[in-house]
There are 2 protein chains.
Amino acid sequence: MNIGDVAARSGLPAKTIRYYEDIGLVKPLRDSNGYRAFREKEVHKLIFLGRARALGFSIEDCRALLALYEDETRASADVKRIAEQHLERIEQKIRDLNAMRATLTHLIEECAGDHRPDCPILEDLARPGGRKVAG
Amino acid sequence: MNIGDVAARSGLPAKTIRYYEDIGLVKPLRDSNGYRAFREKEVHKLIFLGRARALGFSIEDCRALLALYEDETRASADVKRIAEQHLERIEQKIRDLNAMRATLTHLIEECAGDHRPDCPILEDLARPGGRKVAG
DNA sequence: CATGGGGGTTCCAGTTGCTGGAAGGTCAAG
DNA sequence: CTTGACCTTCCAGCAACTGGAACCCCCATG
């Protein structure tokens with residue numbers, strides 16, 4: 001199977017698939033004309049990668065998950081640990097973003113948004129150091 | 001004022017301040033020895049930048065905000081619009097992350113996390129296409 | 001006066017995960 | 001035989017820094 005078909009089947013751009021080969025995530029064979037020849041195994045891996053990336057796993061996490069995926073003797077605890085660590089990072093990001101949202105929402109409410117220059121948003125940005133995040 | 005003092009006062013690493021000069025966000029003078037000579041104006045700008053970056057504004061947003069900050073004839077509506085667009089992006093990110101969190105939380109709950117290879121997390125990742133995000 | 005340490009300077013490379021584009025080889029159809 | 005859709009490689013660039021090398025500057029101490 002050529003890269004175009006694999007792109008269609010996996011939902012990943014061909015560029016991305018080449019990149020994944022570059023960094024050693026998949027190792028397709030080559031036809032005599034130099035074209036990549038993907039087997040079902042690689043297609044499955046690429047689908048796996050697409051899904052893992054969509055869940056926000058880093059490439060290095062994906063590499064580890066893929067290794068576990070292929071390892072029949074894996075312990076599910078190893079998979080779970082990676083997922084839990086990733087979840088932790090996501091939850092931290094959500095907390096950070098929620099804090100930003102709260103502050104921004106507040107500032108936007110306060111700002112008249114008219115033709116005059118007075119602006120609580122700029123006033124806040126100009127003030128150094130840790131202000132409370134909302135209120 | 002030298003870069004070290006400015007770094008201390010603004011809370012930004014010296015490296016970052018140099019980078020901000022590189023991309024034209026601040027334009028410190030130079031002493032005869034080649035050292036950057038920051039005036040209060042630049043310190044204020046850097047504090048502004050630090051705060052804006054902490055709220056997640058992109059560098060290009062920061063550039064625009066800084067221009068408005070310096071423009072006495074600005075309309076607060078222009079500031080507000082930038083902030084609102086940024087808030088929109090943040091809220092979108094939060095939605096995306098919440099979806100990931102829901103899926104991951106669910107998968108983690110399902111996974112035994114023991115020495116056996118069976119793993120609902122890997123099973124999910126291996127399945128192509130759009131699954132529902134939680135449940 | 002030499003030396004040491006703590007500033008400062010520049011420039012280059014690396015990070016993450018691709019993405020775009022140039023320049024070219026291959027192949028099936030008309 | 002040419003067109004057009006594929007495929008190939010390689011190089012550059014995005015965001016926003018960060019680390020490091022190699023170097024300069026200045027002051028204090030012995």
From [atom1] of [X] over to [atom2] of [N], roughly how many Å is that when rounded to an integer?
X: Tyr19(B); N: dC12(C); atom1: OH; atom2: P; result: 17 Å
X: Asn2(B); N: dC25(D); atom1: CG; atom2: C1'; result: 11 Å
X: Arg89(A); N: dT16(C); atom1: CZ; atom2: C1'; result: 13 Å
X: Asp31(B); N: dG8(C); atom1: CG; atom2: C1'; result: 11 Å
X: Leu46(B); N: dC17(D); atom1: CG; atom2: P; result: 12 Å
X: Glu60(B); N: dC14(D); atom1: CD; atom2: P; result: 11 Å
X: Ile17(B); N: dT18(D); atom1: CD1; atom2: C1'; result: 14 Å
X: Asp22(A); N: dC10(D); atom1: CG; atom2: C1'; result: 10 Å

Ignoring backbone atoms, establish whether [X] has a side-chain N or O less than 4.0 Å from OP1 or OP2 of [N].
X: Arg18(B); N: dT9(C); value: yes
X: Arg36(A); N: dT8(D); value: yes
X: Arg30(B); N: dT10(C); value: yes
X: Asn33(A); N: dC7(D); value: no
X: Thr16(B); N: dA16(D); value: no

Whether the side chain of His86(B) engages the backbone of Leu55(B) through a donor-acceptor N/O pair (distance < 3.5 Å, no angle test) should be reported.
yes
Short side-chain to backbone donor-acceptor contact, Arg36(A) and Ile3(A), under 3.5 Å
no
Which residue lies toward the 5' end of DNA chain C, Tyr35(A) or Lys15(A), if each is placed at its nearest nucleotide?
Lys15(A)
Heavy atoms from other residues, nucleotides or ligands near CZ of Arg39(A) exceed 12 (cutoff 6.0 Å):
yes
For the side chain of Arg53(A), counting heavy atoms from C-beta on, which of dT9(C), dG17(C), dT18(D) is nearest?
dG17(C)
Closest to the Ile3(B) side chain, choosing from dA16(D), dT9(C), dT18(D):
dT9(C)
Sort and list the pairs that fulfil side chain to side chain donor-acceptor pair (under 3.5 Å) and have at least one residue in residues 57-72 of chain B, not counting sequence neighbours.
Lys45(B)-Glu70(B), Glu60(B)-Arg63(B), Asp61(B)-Arg89(B), Asp71(B)-Thr73(B)
Name the nucleic acid region contacted by Tyr20(B), choosing base, sugar-phosphate or nothing; use a 4.0 angstrom heavy-atom cut-off, strictly under.
sugar-phosphate
Quick one: salt bridge (charged side-chain N to carboxylate O under 4.0 Å, His left out) partners of Arg101(A), sequence neighbours excluded?
none
